[in-house]
Amino acid sequence: MSEIVTRFAPSPTGFLHIGGARTALFNWLYAKHVGGKFLLRIEDTDRERSTPEAVEAILDGLRWLELDWDGDVVHQFTRVERHREIAMRMLASGNAYRCYCTPAELTEMREKQRLAGLPPRYDGRWRDRDPSEAPNGVAPTIRLRATQEGETLIDDKVQGKVVFPNKDLDDLVLLRSDGNPTYMLAVVVDDHDMGVTHAIRGDDHLTNAARQTQIYQGLGWDVPIWAHIPLIHGPDGAKLSKRHGALGVDAYRAMGYLPEALRNYLVRLGWSHGDKEMFSQDEMIAAFDLSAVGRSASRFDYARLENMNGHFMRATDDAALFQQFLKTLPYLAGGPEMAARLDEAKLAQIRAAFPGLRERAKTLVELVDGAQYLFAHRPLAIEPKAEDVLAKGGRLHLKMLLPRLTALAEWSAATTEAVVRAYGEEIGAKLGTVAQPLRCALTGRTTSPGIFDVLSVLGRDESLGRIADQAI
RNA sequence: GCGCCCAUCGUCUAGCGGUCCAGGACGUCGCCCUUUCACGGCGAAAACACGGGUUCGAUUCCCGUUGGGCGCGCCA
């Protein structure tokens, strides 16, 4: 039995967007599931649009998502000679021919077809023309001599059997007039040469599968097993475009999502395994299967992603999550500013506050936000809601509490708690009545980790100072 | 315009002819827990797009309608 090989083949014209990330994930998962290989190929035959920055962004995105590929990255551009060779072979065997149409001529042709209500397709005007009629000074393209009769069958792992009438598949360009291959030729040649057995990609390629099948047939090569997965739409159901939530995966990192959470979210978009929602890495690999991939497009839902992220954050142990947090800090919204102010002492404080912080955070960014009170300078900026609490009797409690806390011989969560509770009982108030004003004075907000932990982490001087700032 | 794909709660989905007055998850709304928030627990509202068939019986099969999507480049 031969080894199964999948691949992810993005074109480096921009960042790794969320749809591409899922395609990569599915390919990676399938390869892992069957113990095969997952390859990475950069489709950069279009030299005009490809940029090294985009290549780097894609690799960076994949690495962040922890989707490791086997072997070296293949740059399609480096394989032009082989592509040309194959184009020539097709020419020699009669499976391709030279077309001397100019771009302007083709545009005009399509324009006429559109006006006449016909499908825009190359009309094959050079298909059977004698080469001696070739005009001077026009560099030809090489076109596939596509089969015109019958139909082409795609036996797809997720779409099932799909039939395309051959009359709708025109003679596509294999080699451009400048001698460079088109995507259609390059994918076929590279997938073949790289031993790709399974092509898992977005279903926007479904029609291409039929066209590429004809190229494979012309070459006498085995057609890979296809699996066209449904696309992801924006939250509003519209196509995911640049202006519609098609962010690069780096944006998700900046929003504080964990790679394992994003992976879990993505895999459940279009794929399911009974009622199971959360998967560990191993579970996902073991359970993943192309046959359980659905055929309808799905919408991107941040609420669900966020929920999953919270789940994974809670499932990660304290030390590991702290490390993850520090590692990701420079990429997070508001992170660089915090990182710049991170000295030994601050680091120790965050570490101490971390268990309380992580409990209520659903993203890494919420961790940054939750830790703000550690970085604030006196006198603190008080949020409106917090000011409200202070104004409605809160300051009086602080005034009463201040001397008692000041008198404390030992400063800890336990000792401060004892004092605050005792005071609460004295005045016959629920703990919240006293705790909220404290929280507001200490953090400037109405929400924070447990107030005694805050007191403890902030330390005696800073705590008493902040309380004094607000006490009557 | 032509070809192809899709269609279960707001969202992601389970369902592969009877077990479905349709199950889970997120979100929403109550209640509980509580030191705020978050977590957790309990509960509620919420869907088979429509019309024809096939069948003893359709959410499940077929056809059509409607609504979405994708493709139709010397882009990938």
Side-chain angles (χ1 to χ4, degrees), chain A residues 9-13 43-46 48-50 76 99 101-103 106-107 110 113-122 139-143 154 156 159-160 162-165 167-170 172-178 180-184 186-187 202-208 210-211 228 230-231 233 235 237-239 265 268-278 294-308 310 314 358-362 366 370 385-386 389 417 420-421 424 430-436 438-440 443 445-452:
Chain A
S11 63
T13 52
E43 310 248 313
D44 52 1
T45 53
D46 185 341
E48 298 285 302
R49 298 203 219 178
S50 302
Q76 194 158 57
C99 166
C101 289
T102 61
L106 292 171
T107 307
R110 286 188 204 101
Q113 288 166 331
R114 211 175 288 271
L115 251 41
L118 296 167
R121 276 194 270 276
Y122 177 67
T141 59
I142 292 180
R143 284 182 185 270
I154 298 301
D156 194 280
Q159 303 291 335
V162 183
V163 170
F164 292 90
K167 64 175 174 55
D168 293 324
L169 274 20
D170 62 359
L172 63 273
V173 172
L174 296 171
L175 206 65
R176 298 185 249 243
S177 55
D178 65 0
N180 285 315
T182 59
Y183 160 79
M184 288 293 175
V187 239
D203 70 13
D204 50 337
H205 282 287
L206 195 54
T207 325
N208 291 340
R211 302 161 78 94
H228 289 89
L231 268 19
H233 290 167
K239 187 193 176 183
Y265 175 71
R268 284 287 289 101
L269 236 40
W271 175 80
S272 60
H273 189 65
D275 281 340
K276 195 167 168 59
E277 302 283 357
M278 302 296 182
R295 287 189 275 184
S296 51
S298 44
R299 301 186 185 200
F300 197 89
D301 179 10
Y302 278 99
R304 192 169 154 78
L305 205 210
E306 189 152 308
N307 172 274
M308 283 186 175
R314 271 171 265 122
R358 58 169 292 175
E359 261 183 76
R360 57 217 85 217
K362 289 202 286 289
E366 287 180 18
K385 273 200 250 171
V389 172
E417 175 163 5
V420 175
R421 280 195 188 276
K430 287 176 63 176
L431 186 53
T433 313
V434 197
Q436 269 315 80
L438 270 176
R439 183 175 340 262
C440 296
T443 69
R445 301 181 179 185
T446 51
T447 77
S448 82
I451 197 61
F452 306 113

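By convention in this document, chain letters (A, B, ...) are assigned in the order of the sequence lines, proteins followed by strands, and residues within each chain are numbered from 1.
- Residue A:Leu206 is classed as a sugar-phosphate contact, given heavy-atom separations below 4.0 Å to backbone atoms only.
- Out of B:rC5, B:rC26, B:rC70, the shortest distance to the side chain of A:Ala303 is found at B:rC26.
- Taking the P atom of each, B:rG67 and B:rG23 are spaced 31 Å apart, rounded to whole Å.
- A close approach under 4.0 Å does not occur between any side-chain nitrogen or oxygen of A:Arg211 and OP1 or OP2 of B:rC4.
- Between B:rU11 and B:rG30, the distance separating the two P atoms is 22 Å to the nearest Å.
- Going from atom CG of A:Asp203 over to atom C1' of B:rG68 covers 13 Å, rounded to whole Å.
- Between the CD atom of A:Glu48 and the C1' atom of B:rA76 there is a distance of 14 Å, given to the nearest Å.
- Checking B:rG3, B:rC6, B:rA38 against the side-chain heavy atoms of A:Glu359 singles out B:rA38 as nearest.
- Residue side chain A:Asp204 does not reach the base of B:rG71 through any donor-acceptor N/O pair under 3.5 Å, judged by distance alone.
- A distance of about 43 Å separates the C1' atoms of B:rA44 and B:rC4, rounded to the whole Å.
- When each of B:rC74, B:rC72, B:rG24 is scored by its nearest atom to the side-chain atoms of A:Arg121, the top-ranked nucleotide is B:rC72.
- Residue contacts for A:Val163: at a heavy-atom cut-off of 4.0 Å it reaches the sugar-phosphate backbone alone, with no base atom in range.
- As rounded to the nearest Å, B:rG69 and B:rG52 have P atoms that lie 28 Å from one another.
- Within 3.5 Å, no donor on the side chain of A:Arg304 pairs with an acceptor on the base of B:rC26, nor the reverse.
- Checked by distance alone, A:Arg445 brings no side-chain donor or acceptor within 3.5 Å of a matching partner on the base of B:rU36.
- At a threshold of 4.0 angstrom between heavy atoms, the contacts of A:His228 with the nucleic acid are absent.
- Residue A:Ser298 places at least one side-chain N or O closer than 4.0 Å to OP1 or OP2 of B:rU13.
- At a threshold of 4.0 angstrom between heavy atoms, the contacts of A:Arg299 are confined to the sugar-phosphate backbone, with no base atom among them.
- The CG atom of A:Leu118 sits 13 Å away from the C1' atom of B:rC72 (whole-angstrom rounding).
- Picking from B:rG73, B:rG24, B:rU36 the nucleotide with the shortest atom distance to the side chain of A:Arg268 gives B:rG24.
- Of the candidates B:rC5, B:rC39, B:rA7, B:rA7 carries the atom nearest the A:Ser296 side chain, counting heavy atoms from C-beta on.
- The residue A:Leu231 sits close only to the backbone: its heavy atoms come under 4.0 Å of sugar-phosphate atoms, none of a base.
- Residue contacts for A:Gly432: at a heavy-atom cut-off of 4.0 Å it reaches the sugar-phosphate backbone alone, with no base atom in range.
- Out of B:rG73, B:rA14, B:rU36, the shortest distance to the side chain of A:Arg110 is found at B:rG73.
- To the nearest whole angstrom, the two P atoms, one in B:rU59 and one in B:rC48, are 11 Å apart.
- Between A:Asp275 atom CG and B:rC26 atom P there is a gap of 12 Å when expressed in whole angstrom units.
- Counting any heavy atom pair closer than 4.0 Å across all strands shown, A:Tyr265 reaches no nucleic acid atom.
- Residue-level contact check: A:Thr45 touches the backbone only, with heavy atoms under 4.0 Å from sugar-phosphate atoms and none from bases.
- The residue A:Ser11 sits close only to the backbone: its heavy atoms come under 4.0 Å of sugar-phosphate atoms, none of a base.
- Contact of A:Ser177 with B:rC74 (side chain to base): a donor-acceptor pair of N or O atoms is detected under 3.5 Å.
- Judged by the 6.0 Å and 45° rule, A:Arg304 forms no cation-pi pair with A:Tyr265.
- Judged by distance alone, with hydrogens and angles left aside, A:Asn307 brings no side-chain donor or acceptor close enough to the base of B:rA25 to form a pair under 3.5 Å.
- Using modelled atom types and a 3.5 Å distance limit, the side chains of A:Arg439 and A:Ser448 yield a donor-acceptor pair.
- The side chain of A:Pro103 sits closest to B:rC74 out of B:rU35, B:rC74, B:rA76.
- Nearest to the side chain of A:Arg295, among B:rC72, B:rC5, B:rA38, sits B:rC5.
- Annotation: B:rA14 and B:rA47 have their C1' atoms spaced 13 Å apart (nearest Å).
- If you check every strand for non-hydrogen atoms under 4.0 Å, A:Leu269 touches sugar and phosphate atoms only.
- Residue A:Arg439 has its side chain nearest to B:rU35 when only B:rG3, B:rU35, B:rC37 are considered.
- Inter-residue side-chain proximity for A:Leu172 and A:Tyr122 is flagged as unmet; no heavy-atom pair is nearer than 4.5 Å.
- Counting non-hydrogen atoms under 4.0 angstrom, A:Gly294 reaches nothing in the nucleic acid.
- Out of B:rA76, B:rC4, B:rC12, the shortest distance to the side chain of A:Gln76 is found at B:rA76.
- Between B:rC72 and B:rU65, the distance separating the two P atoms is 25 Å to the nearest Å.
- Between the NE2 atom of A:His233 and the P atom of B:rC12 there is a distance of 10 Å, rounded to whole Å.
- Scanning atom types as modelled, one donor and one acceptor separated by under 3.5 angstrom connect the side chain of A:Glu277 and the base of B:rG24.
- Taking the C1' atom of each, B:rA46 and B:rC33 are spaced 27 Å apart, rounded to whole Å.
- Looking at heavy atoms from C-beta onward, A:Val389 lies in side-chain contact with A:Thr446 at the 4.5 angstrom threshold.
- Rounded to a whole Å, the NZ atom of A:Lys362 is 10 Å from the C1' atom of B:rC39.
- Heavy atoms of A:Arg114 sit nowhere under 4.0 angstrom from any nucleic acid atom.
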